[in-house]
Amino acid sequence: HEHPSLALPLPSQLLCTLDLLGNLRRLDLSYTEVMDLKPVFEGCQNLVHLKLSACKQLKDLSMEPMMEPGRMPKLRKLDVSYCTIGADALHAIMTRATQLTSLNISACSNATKLLFKPSNVSAADLATAAVQ
């Protein structure tokens, strides 16, 4: 059975309409200039898979709404590969988004800094998300 899917090479201003797509389960915003993900995190509570690959405008603040309690409860797969979000945001994702079963951080410029500094992340933190 096929799930609704949407690939949006759209300006971030158009994300405000996402609350109309409450049943959306997969959203691909890869290679867009999106900076504000709050409309995604507020309007798409049924998302299971979110792809943000190569969204070069994303910053740590962009990811903060995802970390709020009860936000994105069904999200299982998150792809932030080739993004430039900082080590703090990656750490927050790994420690707070415990429902994730797949987290793609390949070619994420700050992933190396995070993963190879044991003082930042414990083995227990990494066990909460499968890094693929």
Measure the shortest side-chain to side-chain distance between [X] and [Y] over non-hydrogen atoms and say whether it is less than 4.5 angstrom.
| X | Y | answer |
| --- | --- | --- |
| L37 | M63 | yes |
| E64 | K38 | no |
| L78 | N104 | no |
| L27 | V40 | yes |
| L103 | M94 | yes |
| I85 | L90 | yes |

For residues [X] and [Y], report the shortest heavy-atom separation together with the two atoms involved.
| X | Y | value |
| --- | --- | --- |
| P73 | Q99 | O-CG, 3.8 Å |
| C55 | S30 | SG-CA, 4.1 Å |
| A92 | M67 | O-SD, 3.6 Å |
| L75 | V48 | CD1-O, 3.5 Å |
| C83 | A54 | SG-N, 4.0 Å |

Starting at CG of L50, measure out to CG of D28 and round the result to the nearest 0.5 Å.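 Rounded to the nearest 0.5 Å, the CG-CG separation comes out at 8.5 Å.
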
Keeping Q45 on the side-chain end and F41 on the backbone end, is there a donor-acceptor pair under 3.5 Å?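 Between the backbone of F41 and the side chain of Q45 there is a qualifying donor-acceptor contact (under 3.5 Å).
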
Say whether, by atom type as modelled, one donor and one acceptor occur between the side chain of S62 and the main chain of M35 under 3.5 angstrom.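 Yes, S62 side chain to M35 backbone: donor-acceptor pair under 3.5 Å.
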
Please report the C-alpha distance between L58 and T84 in whole Å, then the side-chain angles of each, then the deciding distance to 0.1 Å, and finally whether the side chain to side chain contact (heavy atoms under 4.5 Å, CB included) criterion is met. CA-CA 7 Å; L58 288 180; T84 55; 5.7 Å; no

Using side chain to side chain contact (heavy atoms under 4.5 Å, CB included), reason through L47 and M72 one step at a time and then give a plain yes or no. CA-CA 7 Å; L47 277 184; M72 308 297 288; 3.6 Å; yes

Quick one: do D79 and L52 satisfy side chain to side chain contact (heavy atoms under 4.5 Å, CB included)? Show the steps, please. CA-CA 6 Å; D79 181 349; L52 300 169; over 6 Å; no

Is I93 reachable from Y82 through a run of hydrophobic residues whose side-chain heavy atoms are each under 4.5 Å from the next?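 In one cluster with Y82: I93, no.
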
Assess whether side chain to side chain contact (heavy atoms under 4.5 Å, CB included) is satisfied between R26 and K77, documenting all intermediate values. CA-CA 9 Å; R26 182 174 180 184; K77 295 181 179 185; over 6 Å; no

